[in-house]
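First comes the structure, then the notes that go with it.
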Amino acid sequence: MIPSQFDYVAPESVEDALAALAAAGEDAKVLAGGQSLLPVLRLRLNTPEMVVDLGRIPALREITDEGDHVVIGSMVTHADVLASPLVSEHALLLHETLTEVADPQIRHRGTLGGALVHADPAGDVGAAALALDAEFVIIGPGGATRTVPARDFFLDLFETAVGEGELLTHVRIPKHTGWGAHYEKFVRVVHQWAIVAVAATVRTDGDSIAEVKIGLTNMGSTPLRATAVEQALVGKPATDETVRAAAAAAAEGTDPPTDLNGDADYRRHLATVLTRRAVLAAAAG
Ligand SMILES: Cc1cc2nc3c(=O)[nH]c(=O)nc-3n(C[C@H](O)[C@H](O)[C@H](O)COP(=O)(O)OP(=O)(O)OC[C@H]3O[C@@H](n4cnc5c(N)ncnc54)[C@H](O)[C@@H]3O)c2cc1C
């Protein structure tokens, strides 16, 4: 289908983008890579009167080292995050996760910020951001900025802390230098959205797990942490037996959907299996 008619602006600064959003009010929509928004417009699930394209704002396309954080602009594409040595060194889990997002074409258009604000529960990057304790920098009308921790960012299905007239400008990731990481995604065919997936990052001390963080994809309306598994693993050896026992609690506190790809019980089972695999692979470096 063809989208309904809309006006289009491509401002060259965040300030101008905010002004365009403020002028259009609730009739405005932000455009990043367009990989999720354009299908929505073509299906007329959303009919904005104004589309504000962030594609000409260079400040949102940078990845910087800010001491104990890696800071990624919201308009950095998946491909550029993947290619970043800073991300590979200090946030390996994000790198590993992005290798599983869609296909190279979509990774060259889709942006980290767009995927996070879109907040599809089957999307991959949310679980990694949650597991890495990322912080989200949001700017609103008049330039007021706030920083929201990942646990408060994802509110519901396709809903985040980014409100009307606001922009996500940066994602701040605390450095996890030296941590192993793995993203275990379960799909029936390549390039499918996750039926369930698990993002795990592990800091080992000798043969033991010193710290572990685990994010779950598609086990509820938002990304979730497998807190019970994390707590059970600290200080334990990274053996198959120990990890298997702890991973049995992976579905605790989750509310997975039932759809054509599987019912909720099937997803709960998948979560335990994928958590074991992800943690063991992450601990192996
Ligand atoms: C065929 C296909 C397969 C895919 N497979 C996967 C997959 O396996 N895993 C996966 O995780 N993703 C997948 N995706 C989605 C992909 O990751 C998209 O890039 C992502 O969902 C949206 O990013 P975008 O930059 O294209 O955002 P857009 O589509 O431009 O925007 C998405 C939404 O976020 C809003 N928005 C964007 N940026 C900002 C901002 N900075 N501030 C405020 N609001 C903003 C927009 O208004 C819109 O509502 C797939 C997409 C396609 C088309």
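One-based numbering along the sequence shown. Remember, it's 1-based here, ligands and their atoms both numbered in the order they're listed. Worth saying up front: this structure is predicted, and the values here are computed from it rather than measured. Computed over heavy atoms, backbone and side chain alike; hydrogens, waters and symmetry mates excluded.
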So is there a nitrogen or oxygen of [X] less than 3.5 Å from a nitrogen or oxygen in ligand 1?
X: Gly33; result: yes
X: Arg109; result: no
X: Leu37; result: yes
X: Gly34; result: yes
X: Leu168; result: yes
X: Ala32; result: yes
X: Glu166; result: no
X: Ile106; result: no

Crowding at CD, Glu66 (>12 non-hydrogen neighbours, <6.0 Å): yes
Option of least heavy-atom distance to atom 20 (C) of ligand 1 (set: Ser36, Ser74, Gly110):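 The residue whose heavy atom sits nearest atom 20 (C) of ligand 1 is Ser36.
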From Gly114, Ala127, Ala102, Ala28 - option closest to atom 27 (O) of ligand 1 by heavy atom: Gly114
Heavy-atom side-chain proximity of Ile106 to Val101 below 4.5 angstrom: no
For Glu100, all residues meeting salt bridge (charged side-chain N to carboxylate O under 4.0 Å, His left out), sequence neighbours excluded: none
Ligand 1 versus [X], non-hydrogen atoms closer than 4.0 Å: side chain, backbone, both, neither?
X: Leu38; result: neither
X: Met75; result: neither
X: His170; result: neither

Check residues 114-126 and write down every donor-acceptor pair under 3.5 Å in which the side-chain atom is one partner and the other belongs to a residue at least two apart or another chain.
from   : atom 1 : to     : atom 2 : distance (Å)
Asp120 : OD1    : Ala122 : N      : 2.8
Asp124 : OD1    : Tyr183 : OH     : 2.6
Asp124 : OD2    : Lys185 : NZ     : 2.9

Phe153 and Phe136 aromatic ring geometry - parallel, tilted or perpendicular at 30°/60° bounds: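 Judged by the thresholds at 30° and 60°, the geometry between Phe136 and Phe153 is parallel.
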Test item, His78 contacting ligand 1 (heavy atom, 4.0 angstrom):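 His78 counts as a contact of ligand 1 under the 4.0 Å cut-off.
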Closest contact, heavy atoms only, Ala32 versus Thr111: CB-OG1, 3.5 Å
